[in-house]
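In what follows, chains carry the letters A, B, and so on, assigned in the order in which the sequence lines appear, proteins first and then strands, with residues in each chain numbered from 1.
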Amino acid sequence: MAHGYPFDPALDACALARALVGAHLTVRGTGGMIIETEAYARDDPASHSHHGPTSRNRSMFGPPGHAYVYRSYGIHLCLNVVGRPGEAVLIRALAPDTGMELMRQRRPAGPLCAGPGRLCQALDVQMTDDGRPFDGDALVVMARTGAPPGILTGPRIGLSRATDRLWRFGLAGMPGLSRAFPKQ
DNA sequence: CTTACGATTCCCT
DNA sequence: GGGAATCGTAAGC
């Protein structure tokens, strides 16, 4: 049952990153509520898109509402939601609630979805998901309902450039964040 | 062609 | 808290 991609394609990366906090993500039947995101923009020294399109980052310049999946440190995969051209939002942590048993099989020990590499392992995200739409088929994202939650902000994790941009967003009061946020 | 370096995680001390 | 694992990418020569 496809329900389509719920977000305005015109949202800038930070607005999309904020909108995704509290949204719900499912990949082929496993997932949970998104509790931590990071925004990456076109004119952003820390973004893969900073030097323009390449074979690796081509999905970042593709249609909004599609996935950008890349390999990190030769080991892990990371999942992004593509926004405007050259912009994307990294999904950094979930509060897992769907397909718990399957996710625990894939990650028998340790945190299930706290960290971009861990959640990709728990959800069995593949490189073949790169460029795939969040259209409600294999990849499902549902906007949050109700009042806007308290959203924490902080510098993005693991970057050496553009550390002054507070483009990391988290759901206040949630356990399972990949790291603590600075005092607001 | 060569090389340096990550949008990380895990295990050790 | 610190370092190793591990490999694709892209900048540099």
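Between chain A and DNA chain B, the heavy-atom contact criterion of under 4.0 Å yields a 5' to 3' nucleotide range of B/dG6 to B/dC10.
To the nearest 0.5 Å, the span separating CG on A/Asn57 from NE2 on A/His50 amounts to 12.0 Å. Note that the CG atom of A/Leu152 and the CG atom of A/Leu166 stand 12.0 Å from one another [nearest 0.5 Å].
Between A/His48 atom NE2 and C/dA11 atom P the separation is 12 Å, expressed in whole Å. As rounded to whole Å, 21 Å separates atom P of C/dG8 from atom NE2 of A/His51.
Every stem involving DNA chain C, taken as at least 3 paired positions in a row under the Watson-Crick or G-U wobble test at 3.5 Å, is listed here: B:1-6 with C:7-12, B:8-12 with C:1-5.
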As a quick check of understanding, evaluate side-chain hydrogen bond (donor to acceptor under 3.5 Å, both in side chains) for A/His66 and A/Asp130, giving each step before the final call. CA-CA 8 Å; A/His66 286 228; A/Asp130 185 42; over 6 Å; no
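A/Arg92 and A/Ser178 are linked by a side-chain donor-acceptor pair at a separation below 3.5 angstrom, with hydrogens and angles left out of the test.
With a 6.0 Å cutoff to the six-membered ring centre and a 45° limit on the axis angle, A/Arg58 does not count as a cation-pi contact of A/Tyr68.
Contacts between residues 164-176 of chain A and DNA chain B, defined by a heavy-atom separation under 4.0 Å, are absent.
Taking the six-membered ring where tryptophan is involved, the planes of A/Phe134 and A/Tyr5 are tilted, since the angle between them lies from 30° to 60°.
Ion pairing of A/Arg156 with A/Asp44 is present here, as a side-chain N (NZ or NE/NH1/NH2) and a carboxylate O approach within less than 4.0 Å.
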